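Single-structure report; data block below.
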Amino acid sequence: GKRSREDDGEGEGGGDDNKDNKRARQDHDGALAAQDSSASLMAASSAASEVPPSASERKGKRVTNQVRFLKNVVHKALWAHDWSWPFRTPVDPKKLGLENYFEVVKHPMDLGTIRKKLNKKEYWDGAECIADFRLMFQNCLKYN
């Protein structure tokens with residue numbers, strides 16, 4: 001195939017000038033990329049350190065990719081599991097004869113409640129939803 005004069009290093013002014021120009025462009029482009037990366041990291045770290053608004057302060061509903069994944073993959077898989085039936089509805093202490101249930105479990109949680117919160121878009125981020133999944137299993141371990 002045909003080769004350009006730049007490929008040979010024989011452009012105007014000799015090969016060394018073209019190599020120097022090419023290096024200068026690469027250095028400049030690399031510096032710009034580094035600036036963009038550091039600016040992105042700073043923005044991400046400041047956004048990550050922001051405290052999410054309380055439920056009463058939230059005006060709109062939001063769905064992040066994490067929350068969508070938790071709803072469509074994690075919750076769906078847990079709900080479909082053969083042994084998930086005890087977790088699908090809130091514990092009914094009277095029906096089950098567990099008089100002291102609410103003395104032991106201060107914040108009940110179940111898959112049905114998590115599903116309702118996911119559908120109503122009540123979770124600000126994935127961490128809130130994961131906290132409810134953990135609470136559900138912690139309650140089970142605590143009482144049983």
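Values in this document were obtained by computation on a predicted structure and should not be read as measured data. In this chain, residues are counted from 1 in sequence order.
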Not counting sequence neighbours, which residues clear ring-ring contact (aromatic ring centres under 6.0 Å, His included) with Phe133? List them please. none
Point-to-point distance, once rounded to the nearest 0.5 Å, from [atom1] of [X] to [atom2] of [Y]:
X	Y	atom1	atom2	result
Lys61	Lys121	NZ	NZ	7.0 Å
Phe87	Asn139	CZ	CG	10.0 Å
Leu70	Glu128	CG	CD	11.5 Å

Are any side-chain N or O atoms of Thr64 and backbone N or O atoms of Val67, one a donor and one an acceptor, separated by less than 3.5 Å? yes
Backbone of Gly112 reached by a side-chain donor or acceptor of Arg88 within 3.5 Å: no
Tell me whether Leu141 is reachable from Met136 by hopping between hydrophobic residues (I, L, V, M, F, W, Y) whose side-chain heavy atoms are closer than 4.5 Å.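 Not linked; separate clusters.
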side-chain hydrogen bond (donor to acceptor under 3.5 Å, both in side chains) pairs touching residues 92-108, sequence neighbours excluded, are Asn100-Tyr143
Can you spot which of Ile114, Ile130, Val63 makes a side-chain contact (heavy atoms from CB on, under 4.5 Å) with Tyr123?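 Answer to the side-chain contact (heavy atoms from CB on, under 4.5 Å) test with Tyr123 among Ile114, Ile130, Val63: Ile114.
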Which atom pair, heavy atoms only, marks the closest approach of Arg62 to Trp124?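 Closest approach of Arg62 to Trp124: NE-O, 2.6 Å.
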Quick one: closest heavy-atom pair of Leu118 and Cys129, and the distance? CD2-SG, 4.0 Å
Going by the rule side chain to side chain contact (heavy atoms under 4.5 Å, CB included), which residues pair with Leu96 if we only count those two or more places apart in sequence or in a different chain? Val91, Leu98
If you look only at pairs with a residue in residues 65-84, which of them pass as a ring-ring contact (aromatic ring centres under 6.0 Å, His included), with sequence neighbours excluded? His75-Trp79, His81-Trp83
If you look only at pairs with a residue in residues 132-144, which of them pass as a salt bridge (Lys or Arg N to Asp or Glu O under 4.0 Å), with sequence neighbours excluded?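 Of all non-adjacent pairs touching residues 132-144, those that pass salt bridge (Lys or Arg N to Asp or Glu O under 4.0 Å) are Lys117-Asp132.
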Got a sec, which pairs hit salt bridge (Lys or Arg N to Asp or Glu O under 4.0 Å) with one end in residues 65-82, sequence neighbours left out?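 For residues 65-82: none.
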I'd like to check the salt bridge (Lys or Arg N to Asp or Glu O under 4.0 Å) partners of Asp110; sequence neighbours left out, ordered by chain and number. none
With sequence neighbours left out, what residues match Thr89 under side chain to side chain donor-acceptor pair (under 3.5 Å)?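 Counting only residues at least two positions away or on another chain, Thr89 forms no side chain to side chain donor-acceptor pair (under 3.5 Å).
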